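FYI, the numbering just counts along the sequence from 1. Values below: all heavy atoms of this structure, side chains included; hydrogens, waters and symmetry mates excluded. As the structure is a prediction and not an experimental result, all values here were calculated from the model.
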Amino acid sequence: MPEALLGAELDAAAATLARVGMCEPRREAAALWGACTEVSPGEAWLQRDRPAPPDSLDRFRGAVRRRARGEPFAYAVGQVAFRTLSLALDRRALIPRPETEGLVEHVLQWAGEAERGKGIVADIGTGSGCIALALATEGSFERVIAVDSSVEAAALAVENVQRVRPRVPVEVRVGDLLEPIGEERCRAIVANPPYLTDLEWEALDPAVREFEPRSALASGPDGLTATRALLQNAGRVLEPGGLLALEVDERRAEAVRALALTAGWPRLDIYRDLFGRPRYVLACSSEDA
């Protein structure tokens, strides 16, 4: 059987994607090839007259089929970029958003001041492990605990720990919110908890609602069930002066501020994301706790 030329494969993929109404199908086909082979889309088009490697071809064809069925790009190719990392990803976990990279940045900035970044940091609702692994590779924490209530998501996080092999230990634990921390005390607790209301989840674009795990997106009638629990209970596992850093829905930032004040957090700041939306809540526990 003659070898398949890359150009013919890209043309066939573009035609498949065009039939399902995808915008810019040729660009999408090149991007899929690039993600499956670590070749830039531009290089892919320049290599059109070359044979397509069989192992890469099988992966590419599978990704095209998944994209044509409506799967998000990251799930279709089985990986996602997050800050400096390339992580395995599938439907067991939420697709990391760029806004969450900003949450990590705020934690790193806090940790870099007066060497506050020593000790343990816990990532609650770790999903793919993106926050935990970013903090382990870029921060100065001595140990990272990654928690998820989903056994399946935790298994994916373990796979990514093995893939990244960070320089500090990252331990993945299964359980609800802070419960797996037990009696340990953390220097920082970081979370991108679910923050949509049940009605908002039902109104999501099907590309999100039908593929990404609901438990990572929706959090009760007001979207604040998980956030409320973290604010009420994080103080007991934080060291004095420790940090609770949360990503929140821009529409509920002030509601989160009110919940934090009611829960007794003495110091709290709200920061905006790159689009100017109030997105990050950073609260510090009392120094004399």
Side-chain angles (χ1 to χ4, degrees), residues 31-32 35-36 38 59 62-63 66-67 71-108 121-139 141 143-178 180-181 188-196 201 204 207-219 226-227 230 245-248 273 279-280:
L32 287 168
C36 291
E38 298 185 357
R59 184 179 175 194
R66 288 191 289 275
R67 270 308 265 148
E71 284 196 48
F73 186 96
Y75 290 158
V77 300
Q79 62 185 26
V80 67
F82 186 82
R83 291 183 67 89
T84 65
L85 305 173
S86 174
L87 303 175
L89 188 70
D90 55 38
R91 293 174 64 176
R92 288 176 287 178
L94 186 76
I95 299 172
R97 269 60 171 182
E99 292 86 346
T100 305
E101 297 189 19
L103 177 65
V104 172
E105 188 63 31
H106 279 290
V107 175
L108 291 174
V121 59
D123 170 25
I124 307 302
T126 195
S128 63
C130 59
I131 292 175
L133 288 166
L135 292 172
T137 56
E138 298 183 61
F141 295 100
R143 186 157 60 95
V144 181
I145 300 172
V147 174
D148 207 286
S149 61
S150 164
V151 174
E152 293 78 11
L156 176 61
V158 169
E159 292 172 22
N160 277 320
V161 172
Q162 296 169 346
R163 176 177 177 140
V164 173
R165 298 188 181 278
R167 57 184 177 79
V168 298
V170 176
E171 180 185 355
V172 180
R173 301 180 183 178
V174 178
D176 185 50
L177 296 175
L178 299 165
I181 304 300
I189 294 170
V190 187
N192 176 23
Y195 51 60
L196 297 180
W201 180 85
L204 285 173
V208 177
R209 190 182 66 250
E210 294 178 6
F211 292 97
E212 299 194 61
R214 176 173 181 161
S215 61
L217 289 164
S219 192
T227 299
L230 289 168
L246 302 173
E247 182 175 332
V248 302
D273 63 19
R279 178 67 66 183
Y280 313 114

Visitor: May I ask you to test the I131-T126 pair for a side-chain heavy-atom distance under 4.5 Å?
Guide: no
Visitor: Between the main-chain N or O of G127 and the side-chain N or O of D148, is there a donor-acceptor pair closer than 3.5 Å?
Guide: yes
Visitor: Under 4.5 Å between any side-chain heavy atoms of R214 and W201, yes or no?
Guide: yes
Visitor: Could you tell me the separation between the OG atom of S128 and the CD atom of Q79, rounded to the nearest 0.5 Å?
Guide: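 The OG atom of S128 sits 12.5 Å away from the CD atom of Q79.
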Visitor: Is any side-chain heavy atom of L204 closer than 4.5 Å to a side-chain heavy atom of L196?
Guide: yes
Visitor: Kindly write out the residues that satisfy side-chain contact (heavy atoms from CB on, under 4.5 Å) with T84, not counting sequence neighbours, or none if the list is empty.
Guide: T137, E138
Visitor: Would you say the side chain of R163 lies within less than 4.5 Å of the side chain of S86, judging by non-hydrogen atoms?
Guide: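 S86 reaches R163 side chain to side chain.
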Visitor: Would you name the heavy atoms of V77 and R59 that are closest together and state the gap between them?
Guide: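 Looking at all heavy atoms of both residues, the closest pair is O-NH2, 2.9 Å.
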Visitor: Show the nearest heavy-atom pair for residues A132 and D123, with the distance to one decimal.
Guide: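 Looks like N-OD2, 3.2 Å.
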Visitor: Around R165, counting heavy atoms of other residues, nucleotides and ligands shown, do more than 12 lie under 6.0 Å from its CZ?
Guide: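 Atom CZ in R165 is not packed in, count stays at 12 or less.
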Visitor: With a 4.5 Å cut-off on side-chain heavy atoms, are F82 and T100 touching?
Guide: yes
Visitor: Can you sort out the partners of Y280 under ring pair (Phe, Tyr, Trp, His ring centres under 6.0 Å), two or more places apart, ordered by chain and number?
Guide: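 Expected list: H106.
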Visitor: Any chance you could measure D273, atom CG, to E99, atom CD, to the nearest 0.5 Å?
Guide: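 Answer rounded to 0.5 Å: 5.5 Å.
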Visitor: For the pair R173 (side chain) and A146 (backbone), establish whether a donor and an acceptor sit closer than 3.5 Å, ignoring hydrogens and angles.
Guide: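 No.
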Visitor: Once you round to the nearest 0.5 Å, how far does CD1 of I145 lie from CD1 of I181?
Guide: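 These two atoms lie 4.5 Å from each other.
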Visitor: Ignoring hydrogens, what is the shortest heavy-atom contact between A136 and V144? Give both atom names and the distance.
Guide: CB-CG2, 3.9 Å
Visitor: To the nearest 0.5 Å, tell me how far E71 CD sits from R66 CZ.
Guide: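 So the CD of E71 and the CZ of R66 are separated by 6.0 Å.
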Visitor: I'd like to check L246 versus T227 (side-chain heavy atoms, cut-off strictly below 4.5 Å). Are they in contact?
Guide: yes
Visitor: Without swapping roles, check the side chain of N160 against the backbone of L87 for a donor-acceptor pair under 3.5 Å.
Guide: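 No; judged by distance alone, with no hydrogens or angles, the pair does not exist.
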Visitor: Under the criterion side chain to side chain contact (heavy atoms under 4.5 Å, CB included), which of I189, V190, V168 is the partner of V121?
Guide: V190
Visitor: Looking at S219 and A226, would you say the former's side chain and the latter's main chain have a donor-acceptor pair under 3.5 Å?
Guide: yes
Visitor: For a quick test of reading the model, state the closest non-hydrogen atom pair linking L230 to A191 and the distance between them.
Guide: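 Taking L230 first and A191 second, the nearest heavy atoms are CD1-CB, 3.8 Å.
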Visitor: F211 and R91: which non-hydrogen atoms are nearest, and at how many Å?
Guide: O-NE, 3.5 Å
Visitor: Would you name the heavy atoms of V147 and P180 that are closest together and state the gap between them?
Guide: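 Here V147 and P180 meet closest at CG1-CG, 3.6 Å.
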Visitor: Can you check whether E101's main-chain N or O pairs, donor with acceptor, with R83's side chain at less than 3.5 Å?
Guide: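 A pair under 3.5 Å: yes.
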Visitor: If we only count heavy atoms from C-beta on, is the P96 to L89 side-chain gap below 4.5 Å?
Guide: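 SC-SC contact between P96 and L89 confirmed.
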Visitor: Can you confirm whether L32 sits close enough to F73 that some side-chain heavy atom of one is under 4.5 Å from a side-chain heavy atom of the other?
Guide: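 With C-beta onward as the side chain, the pair touches.
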